[in-house]
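So the structure is just underneath, and the comments pick up after that.
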Amino acid sequence: MQQSPLDPEKSNDPETRGITGAMYKRLWLATNQPGQLDMAIRHYRRGFEVRGDYYNGENLATCYDMRGALQSDPDEALFDRMSARKTRENIVANLERILGDPASAERSDMKWIHATLANCLFALGDSDTASHHEELFRALDPALWEIATFEQGREYALATGAAQKERRRDE
């Protein structure tokens, strides 16, 4: 049987969309070309829309924040910040629902559920609950690369949460 070439633009597979989004996000980080960031958002958004996939969702929210910081139009910046917030709120609700299911203890991705909850909650300004999920993530004995990945996201989430608090104070 002959395999057809991969076409991420037509894919509904969250993993394909997430990998493609990651490539575009890294291209944007290397080139600062806004079109690359727009493509990352497009792929992460589709990956998140298909199944509420938290990997795609967390990265989508981060990319919205990055794009919002670049916007010259205040309305566009506000749209991106609100989209990031709504995406994170959706992720938190989805993951809390998963954790409420007794069968979730058997999931192989519990580390990432707690890591994602921590980073989303840090970005939303709920540091106490975020710290609790960070402790649960660390208690699951993550590998060094998993800790590094989490901490990179945590650094960005903390900065996002601090910027939101600053904006609210200025209003």
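Count residues from 1 along the sequence. All figures in this text were calculated on a predicted structure; none of them were measured in a lab.
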Decide yes or no on salt bridge (charged side-chain N to carboxylate O under 4.0 Å, His left out) for Asp109 and Arg107, but give the supporting numbers first. CA-CA 5 Å; Asp109 61 343; Arg107 290 182 63 125; 2.8 Å; yes
Gly21 and Ala40 have their tightest heavy-atom pair at O-CB, 3.5 Å
Distance-minimising heavy-atom pair for Ile91 and Phe48: CG1-CE1, 3.7 Å
Where is the tightest heavy-atom contact between Tyr44 and Gly18, given as atom of each residue plus distance? CE2-O, 3.5 Å
Aromatic rings His43 and Tyr24: how do their planes relate, parallel, tilted or perpendicular, breaks at 30° and 60°? parallel
Got Tyr64 and Arg85 here, is their nearest side-chain heavy-atom distance under 4.5 Å? no
Check the surroundings of atom CZ in Arg138: do more than 12 heavy atoms from other residues, nucleotides or ligands lie under 6.0 Å from it? yes
Look at the side-chain heavy atoms of Ile, Leu, Val, Met, Phe, Trp and Tyr, link any pair under 4.5 Å apart, and say whether Leu60 and Val50 land in one connected group. no
If you measure from the Lys or Arg side-chain nitrogens to the Asp or Glu carboxylate oxygens, is any gap between Arg81 and Asp65 under 4.0 Å? no
Using side chain to side chain contact (heavy atoms under 4.5 Å, CB included), reason through Gln33 and Gln36 one step at a time and then give a plain yes or no. CA-CA 6 Å; Gln33 293 179 0; Gln36 305 292 355; 3.5 Å; yes
Carefully, step by step, assess Leu99 and Met110 under the rule side chain to side chain contact (heavy atoms under 4.5 Å, CB included). CA-CA 9 Å; Leu99 291 177; Met110 281 307 254; 3.4 Å; yes
Using 0.5 Å steps for rounding, measure from the CD1 atom of Ile41 to the CG atom of Leu37. 4.5 Å
Between CZ of Phe79 and CZ of Arg67, what distance do you get to the nearest 0.5 Å? 7.0 Å
From the list Thr129, Thr116, Leu95, side-chain contact (heavy atoms from CB on, under 4.5 Å) partner of Leu121 resolves to Thr129
With the side chain counted from C-beta on, respond yes when Arg88 and Thr62 share a heavy-atom pair under 4.5 Å apart, and no when they do not. yes
More than 12 non-hydrogen atoms from neighbouring residues, nucleotides or ligands closer than 6.0 Å to CD on Glu155, yes or no? no
Group every Ile, Leu, Val, Met, Phe, Trp and Tyr by side-chain heavy-atom contacts under 4.5 Å, then state whether Trp112 and Leu136 land in the same group. no
Got a sec: does the CD of Gln152 have more than 12 other heavy atoms crowding it under 6.0 Å? no
Heavy-atom distance under 4.5 Å between the side chains of Glu49 and Asn56, does that happen here? no
Measure the OH-CG distance between Tyr54 and Asn119 for me, rounded to the nearest 0.5 Å. 12.5 Å
Applying side chain to side chain contact (heavy atoms under 4.5 Å, CB included), run through Trp28 and Met39 and close with a yes or a no. CA-CA 9 Å; Trp28 176 76; Met39 288 300 291; over 6 Å; no
How far apart are the closest heavy atoms of Gly47 and Pro14, and which atoms are they? O-CB, 3.9 Å
Under a 4.5 Å cut-off applied to non-hydrogen side-chain atoms, are Val92 and Asp126 in contact? no
Are Glu146 and Lys111 packed together at the side-chain level, in the sense that at least one heavy-atom pair is separated by less than 4.5 angstrom? yes
Checking Arg17 against Asn12 for the side-chain hydrogen bond (donor to acceptor under 3.5 Å, both in side chains) test, could you report, in this order, the C-alpha distance in whole Å, the side-chain angles of both residues, the deciding distance, and whether it holds? CA-CA 7 Å; Arg17 289 296 189 142; Asn12 284 326; 5.3 Å; no
Answer whether the closest heavy-atom distance between the side chains of Phe122 and Ser131 falls below 4.5 Å. yes
Could you pull out the closest heavy-atom pair between Ala22 and Tyr55, with the gap in Å? CB-OH, 3.8 Å
Rounding to 0.5 Å, atoms CH2 (Trp145) and OG1 (Thr149) come to a distance of 5.5 Å
Under 4.5 Å between side-chain heavy atoms, hopping through other hydrophobics if needed: is there a path connecting Leu140 to Phe150? no
Side chains of Asp53 and Glu15, heavy atoms from C-beta outward: is any pair under 4.5 Å? no
Is the CD atom of Glu89 crowded by more than 12 outside heavy atoms at less than 6.0 Å? yes
Could you pull out the closest heavy-atom pair between Ile147 and Pro142, with the gap in Å? CG1-CG, 3.6 Å
Just how far is it from atom SG of Cys120 to atom CG of Asn94, taken to the nearest 0.5 Å? 10.0 Å
Salt-bridge present (Arg154, Glu151; N to O < 4.0 Å): no
How far does CE of Met66 sit from CG of Asp80, to the nearest 0.5 angstrom? 12.5 Å
If you define the side chain from C-beta out and look only at heavy atoms, does anything of Met82 sit under 4.5 Å from Thr87? no
